[in-house]
Amino acid sequence: MDPAPPLRTLYPEFAPYRVHALPVSGGHVLHVEESGLPEGIAALVLHGGPGSGSSPLLRRFFDPARYRIVSPDQRGAGGSRPRGRTEDNTTDHLITDLELLRDTLGIAHWLVVGGSWGAALALAYAAAHPTAVAGLLLRATFLARDEDVAAFFHPIGPQQALLPAIAHGLQGDEAPQFALAWWRRENLRATGHVPELEPSGDALAALIDRYRVQSHYLLHHCWLDAPPLLERCSQLPPVPTLLLHGTDDRICTPAASQALHQRLPHSLLRLVDGVGHDPTHTAMVHAMVEALDAYAARGGFDAGRAERRAAPKPARVPPGDRSTYPSDEGLS
């Protein structure tokens with residue numbers, strides 16, 4: 001019997017080659033990073049949250065020698081400004097922003113990759129702009145149904161009563177305590193343990209802003225209830241679509257991806273054994289990297305093995321490209 005192939009790992013760290021400060025409506029300015037190969041396969045990477053902001057880790061699932069990786073921070077999140085702002089910040093705003101970004105960058109269509117909330121946004125965007133989407137890779141899909149929100153808050157209590165209290169608490173003097181309580185629970189349900197070192201200072205301030213945005217979205221069912229997100233799936237393009245979900249995910253349960261798979265006959269569903277919500281779990285990293293390598297090689301997510309290519313030297317932001325950006329822009 002042939003030995004099992006080694007598990008895929010993240011590509012080595014590499015920096016963006018271009019950073020944008022993209023003005024959008026309502027006074028928001030989006031922080032956007034482009035990484036990898038400028039002439040490569042365009043891939044849009046949608047972070048979770050809502051409100052979390054993108055992370056350098058998310059681009060390391062991609063082969064930088066084959067992908068042009070576009071990583072925007074959504075309104076109120078990450079390096080976008082004003083951080084934590086909930087005014088003029090809805091799912092429809094985010095969808096409009098993504099089309100503006102695609103047009104600004106001159107991209108005809110792109111592979112859309114998202115995890116958790118990012119998967120929900122990917123679905124809503126693809127339903128609204130099907131011709132813009134060349135493929136979908138969704139990890140730990142969140143559908144924004146009542147049962148999906150309840151899966152996180154159970155067994156604390158009814159989310160209908162709890163969410164308004166949390167959202168109110170995040171606006172006042174006790175915001176740090178509310179944010180840390182949410183952070184502890186999120187870590188516990190995602191990984192099974194709570195890190196010993198809690199956020200403080202600027203990291204805590206960013207956490208408060210993140211949860212302000214997230215509670216704002218959850219209070220409004222992420223504006224994905226009329227019509228529900230699953231019903232919108234009838235508008236999705238019949239492009240290569242892969243759903244990855246950890247069998248032990250307690251934040252976004254596998255039932256969401258299973259329900260989505262039933263609505264999308266052309267999709268592939270792969271349940272990853274023993275994995276929770278953590279995207280850095282060895283088995284989930286393997287599944288993501290293998291899928292993206294396969295798409296780069298063959299334009300689909302078939303079960304075959306894709307050859308992994310050596311990563312090039314990290315690209316650096318040309319000095320001239322930073323002159324028009326705020327001085328505090330940078331990798332986080």
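Throughout, residue positions are numbered sequentially from 1 according to the sequence presented. Given the structure is predicted, the values throughout are model-derived calculations rather than measurements.
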Any residue meeting side-chain hydrogen bond (donor to acceptor under 3.5 Å, both in side chains) with His109, in chain and number order, not counting sequence neighbours: none
Those residues that, when tested against Asp249, pass salt bridge (charged side-chain N to carboxylate O under 4.0 Å, His left out) (two or more places apart): none
Pair Tyr217 + Trp117: ring centers closer than 6.0 Å: yes
Qualifying side-chain hydrogen bond (donor to acceptor under 3.5 Å, both in side chains) pairs with a residue from residues 220-233, counting only residues at least two apart or across chains: Asp146-His221
side-chain hydrogen bond (donor to acceptor under 3.5 Å, both in side chains) against Asp278, all qualifying residues, sequence neighbours excluded: Thr280
is_close_aromatic(Tyr295, Phe301), centroid dist under 6.0 Å: yes
Phe62: ring-ring contact (aromatic ring centres under 6.0 Å, His included) partners, not counting sequence neighbours: Tyr67
Glu34/Arg68 salt bridge by N-O under 4.0 Å criterion: yes
Results of salt bridge (charged side-chain N to carboxylate O under 4.0 Å, His left out) for Asp248 - residues two or more places apart only: none
Sequence-distant partners of Thr253, side-chain hydrogen bond (donor to acceptor under 3.5 Å, both in side chains), two or more places apart: none
Other residues, nucleotides, ligands: >12 heavy atoms within 6.0 Å of Gln258 CD: yes
Pairing residues for Ala122 by the side chain to side chain contact (heavy atoms under 4.5 Å, CB included) criterion, not counting sequence neighbours: Leu46, Val112, Leu136, Leu138
Partner set under side-chain hydrogen bond (donor to acceptor under 3.5 Å, both in side chains) for Arg184, not counting sequence neighbours: Glu198
Chi angles and distances behind the side-chain hydrogen bond (donor to acceptor under 3.5 Å, both in side chains) call for His216, Gln214: CA-CA 5 Å; His216 167 67; Gln214 190 163 345; over 6 Å; no
Selection residues 245-279 - residue pairs positive for ring pair (Phe, Tyr, Trp, His ring centres under 6.0 Å), sequence neighbours left out: none
For Thr247, side chain to side chain contact (heavy atoms under 4.5 Å, CB included) partners two or more places apart: Leu271, Asp273
Qualifying residue, where the test is side chain to side chain contact (heavy atoms under 4.5 Å, CB included) with Ser80 and the options are Asp97, Val32, Asp73: Asp73
Salt bridge (charged side-chain N to carboxylate O under 4.0 Å, His left out) against Arg145, all qualifying residues, sequence neighbours excluded: Glu147, Asp148
Polar side chain donor-acceptor pair, Glu99 to Tyr125, under 3.5 angstrom: yes
